[in-house]
Structure formats: C-alpha cells, structure tokens
Amino acid sequence: GENVEQHPSTLSVQEGDSAVIKCTYSDSASNYFPWYKQELGKGPQLIIDIRSNVGEKKDQRIAVTLNKTAKHFSLHITETQPEDSAVYFCAAKRSEAAGNKLTFGGGTRVLVKP
Amino acid sequence: EAGVAQSPRYKIIEKRQSVAFWCNPISGHATLYWYQQILGQGPKLLIQFQNNGVVDDSQLPKDRFSAERLKGVDSTLKIQPAKLEDSAVYLCASSLSGTYNEQFFGPGTRLTVL
C-alpha cells in the first residue's frame, strides 16, 4: 500500500519568514495530494491540494509543488503569521473507482514565533 | 452549512470495557470515513462507507472494532473490548462521492483507555 513520509516533524520559524514542509510517497499511481491543517482540539481542515497533472499551485501565501518523477511534494508558506501555528499533514491518494482512500504523513508541528 | 458532528468529545474507560462513538455527516455526503489518530501521528483510515455499504475496512481490527451506517446517514463506531493501545482521537469525515472531493472532518472523540 501507499506510504507517505513527512519532514520535518517540527518546525519553528520567526513571524514573516517562510516555512517549507516536504513529503515523499511510494505509490507511483497516486495522483491527488492534499494538505491539511489541524489546530488543537479540532479535526484536520483542507488548506490546498494538487493533482498529478499540475506541477505547482498557489493560494495567497500558500503554495504546493509536485515532482512526480521523484515522488515528492512540498508545502510552502510565505510571510508566516502566528495563526499559521498548527500541525500540518500531507496526504496522497490514488484515483480508484471503489474508494477515496487517503494515506497521511506523520505531521509537522509548525510554531510561528512573534 | 453545518459541519460534521461527533459525540461524545471525550471518553475515559477502563480496559476491557466497551465504548461507542457517533457521527452525523454533512447533509448530502454519501461517503463517510472513520479515522484513528494516535497522538503525534497522522490519521489512519479504519473504515469507509459509501451510503450504507462498506467500501474499505482493511485496517479495521475486526475482532474488537465494529461500525455501521444505518440508512446511509449517521454512523456509529464501537470498540469491545477496549485495549490500552486504543487510546487515540477518533475522527469522522464525510465527502461527496468522487476522487477529488474534499473530506470534511469532525472535531473528533478523544478516547483514553486506563
């Protein structure tokens, strides 16, 4: 089955700096890669996603890049703010008619210091 | 639009006791998921329903865990008997059918097994 590795496990940045989180996946058939943000006491919330036919996607201060050949994808947060402090998860999924199964990475705890 | 509802939010039980969790998905979402999230890890899919049928339960410990989704709406997840290693947050999520549809997560139920 799919295996998703995520690095780093913790990341501390100064407010205004950039944060980068990297993930690798094992299943070359995976074609959908969402990123989730989880705040304390809440469920994960989708912040951005990318499909395999796209190399990069941006949404305001957040961007995701995908390298299918190397089987890795990254989340970039620019101009970080204290409210960006949370745990971030990457995930990967195949497009299968029978299901919509996401495999998650282990998470990155991001702390933005004011 | 109301989100995914879960109850209870917290539960503490002794090992070998039984426990049940309830989930009410977003109205109109045919797909419902139960995830287990152990502290410091990413969510792991336990079971996925499409309407009231099981699509994937390959990671559900069937000797002690059971789940049902009657009438294709609400769902319950049961553990009987509980073990210490079942201590985790149990997340329910729902989505429209289809490969790229966002999964919306509930707040989770934090289970502590003593």
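In what follows, every chain begins at residue 1, and chains take the letters A, B, ... in the order their sequences are listed.
- Residue contact with chain B, scored on non-hydrogen atoms closer than 4.5 Å, is absent for A/Gln6.
- Proximity to chain B (any heavy atom under 4.5 Å) is shown, for A/Arg109, by neither the backbone nor the side chain.
- The side-chain heavy atoms of B/Pro43 and A/Leu102, taken from C-beta on, include no pair separated by under 4.5 Å.
- Interface summary for chain A: among B/Lys44, B/Arg110, B/Gln41, the most heavy-atom pairs under 4.5 angstrom belong to B/Gln41.
- Here the closest heavy-atom approach between residue A/Lys101 and residue B/Gln48 is recorded as N-OE1, 4.1 Å.
- Annotation: A/Lys22, atom NZ; neighbour count of heavy atoms from other residues, nucleotides and ligands within 6.0 Å does not exceed 12.
- Note that CD1 of A/Ile50 and OH of B/Tyr100 are 11.5 Å apart. Values are rounded to the nearest 0.5 Å.
- Under the 4.5 Å side-chain heavy-atom criterion for grouping Ile, Leu, Val, Met, Phe, Trp and Tyr, A/Trp35 is connected to A/Ile62 within one hydrophobic cluster.
- For B/Arg9 (side chain) and A/Gly41 (main-chain N/O), a donor-acceptor pair under 3.5 Å exists by modelled atom type.
- No side-chain heavy atom of B/Gln103 sits under 4.5 Å from any side-chain heavy atom of A/Leu46.
- Remark: A/Leu40 CG is loosely packed, at most 12 non-hydrogen atoms of other residues, nucleotides or ligands lying under 6.0 Å away.
- Contacts between B/Gln6 and chain A at a heavy-atom distance below 4.5 Å are absent for every atom of the residue.
- Among all heavy-atom pairs drawn from A/Gly43 and B/Leu91, the shortest one is CA-CD2, 4.1 Å.
- Under a hydrophobic clustering in which Ile, Leu, Val, Met, Phe, Trp and Tyr are joined whenever their side-chain heavy atoms come within less than 4.5 Å, directly or via other members, B/Trp34 and B/Val54 fall into the same cluster.
- Remark: B/Leu114 CG is packed, more than 12 non-hydrogen atoms of other residues, nucleotides or ligands lying under 6.0 Å away.
- Proximity to chain B is absent for every atom of A/Pro34, based on heavy atoms less than 4.5 angstrom apart.
- Side-chain heavy atoms closer than 4.5 Å link hydrophobic residues (I, L, V, M, F, W, Y) into clusters, and following such links, even through other members, never connects A/Phe33 to B/Leu45.
- In the hydrophobic clustering of this structure, B/Tyr35 does not group with B/Ile79; members are Ile, Leu, Val, Met, Phe, Trp, Tyr whose side-chain heavy atoms approach within less than 4.5 Å, directly or through other members.
- With contacts defined as side-chain heavy-atom distances shorter than 4.5 Å, the pair B/Phe105/A/Gln45 does not qualify.
- Heavy-atom neighbours of B/Lys71 NZ from other residues, nucleotides or ligands within 6.0 Å: at or below the threshold of 12.
- Counting heavy-atom pairs closer than 4.5 Å to chain A, the top residue among B/Gly108, B/Pro107, B/Gly40 is B/Pro107.
- Tracing side-chain contacts under 4.5 Å through hydrophobic residues (I, L, V, M, F, W, Y), one never reaches B/Phe49 starting from B/Val73; they form parts of separate clusters.
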